[in-house]
Number of protein chains: 2
Amino acid sequence: MSTAKDRPAAHTRRLLVDEAARVLAEEGPAALSARRLVKAVGASTMAVYTHFGSMPGLVREVMREGIARFEGRVAEVAAGDDPVRELVELCRVYQEFARAEPEVYAVMFGGSGTAGFELTEDDRGMGVRLLRYPRNAIRRCAAAGRFRPDTDADLLVRQLFVQMHGLAQLAHAGYIIGVYGPDDVLAGTLRDFAVAAGDDPERAAASVRSGLAG
Amino acid sequence: MSTAKDRPAAHTRRLLVDEAARVLAEEGPAALSARRLVKAVGASTMAVYTHFGSMPGLVREVMREGIARFEGRVAEVAAGDDPVRELVELCRVYQEFARAEPEVYAVMFGGSGTAGFELTEDDRGMGVRLLRYPRNAIRRCAAAGRFRPDTDADLLVRQLFVQMHGLAQLAHAGYIIGVYGPDDVLAGTLRDFAVAAGDDPERAAASVRSGLAG
DNA sequence: TTATAGGTATAACGCTGTTATGACGCCGTT
DNA sequence: AACGGCGTCATAACAGCGTTATACCTATAA
């Protein structure tokens, strides 16, 4: 029988985080249990408490790594000559992440309660930090004359955040069905967002099409 | 000692639902437990299973009553001569409900996972049914010439749903903070929604102000 | 009067997160 | 080289959880 003593201590921590992320992704929050995880990596329940303090502590670590992955993808969006398209691409990346890792996403933005986990002020701060990417894009839209000169990026980025989160969550819950699906709502929402911000309807539609295409 | 046998059977069911709603509202999903509830109403754990089949079944009943309360308030919004204002009022009622009963709201729209509860197709259907109120309002906006004649109410109502849900959830999670709060985002979102749908910016702003005022 | 159905209480099963305890090995100090 | 401390570990236990098998009691129907 292979136990945690057979390997360097730091290894056990890594294995636990990875296994937790895997179970969360593949079987959902209800399947997460300390006993299951430690059994899978060949350790005892104490491992959870020496390394993470508690089960919510382990979930928090999974969430932190999720935020890091999220930011990594967001940062990859290249600035081009169409800032509206760039904004659309950021939103596409957002939705792709939420769709690829819905449970981690839910933990990140408070829709979960998994294993008694609750967001701390620091956690929220890490989430809010991500908003600087779309906020800068919105500012570039205004600077390029696509959005109104008096555009309030602080207000608009919150409105956009709200729309992206609502879509991600409702789509995951199965509420965006029928004649229009999540992609239709995303395209419509983004176009209307740009138009209301002052962009020309035709140009906005073109930027949305091009930004969502990839 | 007062037990469940001292009263008519139907009474126990009512007491359990009420106590569950109370605990959920006052102490959150984590505080919900069968043993606690039956202890509070003077019954045994079997009561949960004879009346609701399971704990998720009890939560489902709490949710159903929540939807009924929600629809009751939504239906109270009177149709006047300003359909945009009516739409804004519906959204105000939506946000007020989500703020007053955040845990019930979370169960209704899938952001919870409370006590292993999962939405069924029927549950979602009851939620989707509520969308006919804003959908009708949007159609009236188009008929009154405020929104474009080719307004697609099916698409727009989904976009609005997404915005209202995102705001409710993120505000509850503590993510809408700083220079602009939930009310600012709500006002901005509704104004931009109307403008993108074709309404005159000044009239839209006026309808939003008047609709949010009450 | 007897049969049936429904609600109830008790006690138990296996699961959960968590913790007290004691042992082991590594590492810097004396 | 011997020591002390620290981090990690396995074991075993505790209280609580959702759930269920069982037996009992009562009210209604045949």
Side-chain angles (χ1 to χ4, degrees), chain A residues 1-21 23-24 27-63 103 107 112-118 120, chain B residues 1-21 23-24 27-63 103 107 112-118 120:
Chain A
M1 179 61 188
S2 146
T3 73
K5 290 195 167 185
D6 303 341
R7 56 176 175 263
H11 225 157
T12 297
R13 184 186 165 92
R14 255 268 54 81
L15 289 174
L16 279 176
V17 176
D18 290 345
E19 177 68 9
V23 171
L24 192 60
E27 306 182 43
L32 261 195
S33 90
R35 285 183 163 84
R36 167 178 183 160
L37 297 180
V38 298
K39 188 172 186 179
V41 309
S44 65
T45 59
M46 270 308 295
V48 170
Y49 298 90
T50 58
H51 289 292
F52 308 99
S54 65
M55 272 300 287
L58 203 175
V59 173
R60 169 161 294 109
E61 191 54 37
V62 172
M63 181 210 64
E103 306 299 344
V107 172
S112 182
T114 296
F117 175 80
E118 293 191 11
T120 68
Chain B
M1 179 63 188
S2 145
T3 73
K5 291 195 165 187
D6 303 341
R7 56 174 175 264
H11 224 156
T12 298
R13 183 187 166 92
R14 254 269 51 83
L15 289 174
L16 279 175
V17 175
D18 290 345
E19 177 67 9
V23 171
L24 192 59
E27 305 182 43
L32 261 197
S33 89
R35 286 182 161 86
R36 169 181 181 159
L37 297 179
V38 298
K39 188 172 187 177
V41 307
S44 66
T45 58
M46 271 306 297
V48 170
Y49 299 89
T50 58
H51 290 293
F52 308 99
S54 65
M55 273 300 287
L58 204 175
V59 174
R60 170 160 294 108
E61 191 54 37
V62 173
M63 182 209 64
E103 306 299 344
V107 172
S112 184
T114 297
F117 174 80
E118 293 191 11
T120 68

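So that the names make sense, note that chain A is the first sequence line, chain B the second, and so on, each numbered from 1. Values reported hereafter were calculated over all heavy atoms of this structure, with side chains retained and with hydrogens, waters and symmetry mates removed.
Between A:L58 atom CG and C:dT16 atom P the separation is 15 Å, expressed in whole Å. In this structure, B:F52 atom CZ and D:dT19 atom P are separated by 13 Å, rounded to whole Å. Between the P atom of D:dG18 and the CG atom of B:L16 lies a distance of 13 Å, rounded to the nearest Å. Distance A:Y49 OH to C:dG17 P: 6 Å, rounded to the nearest Å.
Taking CD of B:E19 as the reference point, atom CZ of B:R14 lies at 12.0 Å (rounded to 0.5 Å). Here the NE2 atom belonging to B:H51 is positioned 12.0 Å from the CD atom belonging to B:E61, to the nearest 0.5 angstrom.
Across all their heavy atoms, A:L58 and A:L16 have their closest contact at CD2-O, 4.2 Å. Closest non-hydrogen pair, B:T12 versus B:A43, comes out as CG2-CB, 4.4 Å. Closest heavy-atom contact between B:E103 and B:P29: OE1-CD, 3.4 Å.
Between B:T12 and C:dT8, a side-chain N or O to OP1/OP2 separation shorter than 4.0 Å is present. Side-chain nitrogen and oxygen atoms of B:S33 include at least one within less than 4.0 Å of the OP1 or OP2 phosphate oxygen of D:dC17. Under 4.0 angstrom from either OP1 or OP2 of D:dG7 there lies no side-chain N or O belonging to A:H51.
Residue B:L37 is classed as having no contact, given no heavy-atom separation below 4.0 Å to the nucleic acid. Within 4.0 Å of A:L32, counting heavy atoms only, lie sugar-phosphate atoms of the nucleic acid but no base atom.
In this model, no side-chain donor or acceptor of B:S54 finds a partner on the base of D:dT19 within 3.5 Å. With hydrogens and angles ignored, a donor-acceptor pair under 3.5 angstrom links the side chain of B:R35 to the base of D:dG18. Judged by distance alone, with hydrogens and angles left aside, B:T50 brings no side-chain donor or acceptor close enough to the base of C:dT8 to form a pair under 3.5 Å.
Projected onto DNA chain C by closest heavy-atom contact, B:M46 and A:R36 fall at different nucleotides, the more 5' of which corresponds to B:M46.
Other residues, nucleotides and ligands contribute at most 12 non-hydrogen atoms within 6.0 Å of the CD atom of A:E118.
You'll find that the side chain of A:M55 is closest to C:dT18, out of D:dT11, C:dT10, C:dT18. Here the nucleotide nearest the side chain of B:A43, chosen from C:dA9, D:dA12, D:dT20, is C:dA9.
Helical stems in DNA chain D, defined as runs of 3 or more consecutive Watson-Crick or G-U wobble pairs with donor-acceptor distances under 3.5 Å: C:1-30 with D:1-30.
A donor-acceptor distance shorter than 3.5 angstrom exists from the side chain of B:S33 to the backbone of B:R36, with no hydrogens or angles considered.
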